[in-house]
Amino acid sequence: MTPTKIQITRPDDWHVHLRDGDALKAVAPFTAAQFARAVVMPNLSPAVTTVVQAVEYVDRIVAAIGDSDFEPLMTLYLTDDTSADEIERARKSCFIKAVKLYPAGATTNSAQGVTDIRLCDDALGAMQDCGMPLLVHGEVTDPAIDVFDREKVFIEQILLPLTNRFPKLKVVFEHITTADAVNYVLNASSNIAATITAHHLMYNRNAMFQGGMRPHMYCLPVIKREQHRQALIHAATSGNRKFFLGTDSAPHARHAKETSCGCAGIFSAHAAIEFYASLFDRHGALDKLEAFASFYGPDFYDLPWNSEKITLQKTDWTIPESYPLTEDENLIPMMAGETLNWQLVDNDPEN
Ligand code: DOR
Ligand code: ZN
């Protein structure tokens, strides 16, 4: 008999987009309600490229979540010009936990990103020396490469040479989507890990085309074939400490997705841990959920495990059709209007 109620250590989200302004106020409480900590992506416009900008952003996040113990773990956005000195300032700040690589043009707000990774050698060397992790959006940007192959080609053309040049650099291959990425991480040294999203575990690429175009299922890296989803499920539920939870929850206004050139991003923060619980349950791996969601991430980042617990129960509930995002905009959450079979029922830190 599989359990219908579980208590686990409060999880962390090792990859989330909290945005800014009114949208930040609307979405950050969802993440703070479930997770003790979250690694916050720096792809604002303009991007968070300096420690000073990160200090200002973290203040706005703390103001947006109000009375909560939630701890934002901040990141810097790597550019061609990021200096070793900026890395040293980030390390000294203590609240900046990682540096994010966006290949220029790969995704939302990546225009300030890296045009050639070899231009970043000073910064990468400093990161390797001080143990600052590099978080990687792993897709090549060459328009001639098929969009479904961009992660695989990134491994061959960028990631393998990079990790050969900096063998001790801590790397998180973010939101992996392919069997190729799983195999790369499995065969790499222990300083290389990966996050896996709920949506890449739950859907294959058919979800984007079911009965018509489904813009709310479009994200980057784009969701792949079923065989890749199976490899991700296997990795996430295997109990291997190289794979841990990162939602990549990425809210966009409804109109910015339902348009002739829609933005990439799936919002999943409203039911993040429940999505993972449901998926792990379906695969008979509920006993592997806690380590994936609450232990392997902090272990990789050399941070303590959370002490509080949360309780999840197998109960049907209906996800709202939409949530407010700003005064005039709303967003469409993952599984909008559908029934999910696991629910966070007891969020009391005393339990
Ligand atoms: O789908 C995505 N949305 N992928 C990314 O890499 C960025 C994110 C966003 O910021 O919207
Ligand atoms: Zn992301």
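What you see below is based on every heavy atom in this structure, not just the backbone, and it leaves out hydrogens, waters and symmetry mates. For clarity, every value in this text was computed on a predicted model and none was experimentally measured. Counting starts at 1 for both ligands and their atoms, in listed order.
Checked against Asn43 for a side chain to side chain contact (heavy atoms under 4.5 Å, CB included), the options Asn109, Val48, Thr75 give a single hit: Asn109.
Atom numbering of ligand 1 starts at 1 in the shown order; those under 4.0 Å from a heavy atom of Cys219 are 1 (O). Close contacts between ligand 1 and Ala250 involve ligand atoms 3 (N), 8 (C), 9 (C), 11 (O) [criterion: under 4.0 Å to a heavy atom]. Atoms of ligand 1 lying under 4.0 Å from at least one heavy atom of Thr107, given by number and element, are 4 (N), 5 (C), 6 (O), 7 (C). Every atom of ligand 1 is numbered from 1 in the order shown, and the set under 4.0 Å from a heavy atom of His137 is 6 (O).
Aromatic ring centres of Tyr323 and Phe30 lie closer together than 6.0 Å. Ring centroid separation for the pair Phe70 and Phe35 does not come in under the 6.0 Å cut-off.
Under 2.8 Å from the Zn ion (ligand 2) lies no N/O/S atom of His137, from backbone or side chain alike. Among the atoms of His15, an N, O or S atom is found under 2.8 Å from the Zn ion (ligand 2).
Applying the 6.0 Å contact sphere to CZ of Arg165 captures more than 12 heavy atoms from other residues, nucleotides or ligands.
Residue Asp248 approaches the Zn ion (ligand 2) most closely through its N/O/S atom OD1. The atom of His17 that is an N, O or S and sits closest to the Zn ion (ligand 2) is NE2.
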Got a list of side-chain donor-acceptor pairs under 3.5 Å for residues 140-149, not counting sequence neighbours?
from, atom 1, to, atom 2, distance (Å)
Asp142, OD1, Ala144, N, 2.8
Asp146, OD1, Phe148, N, 2.8

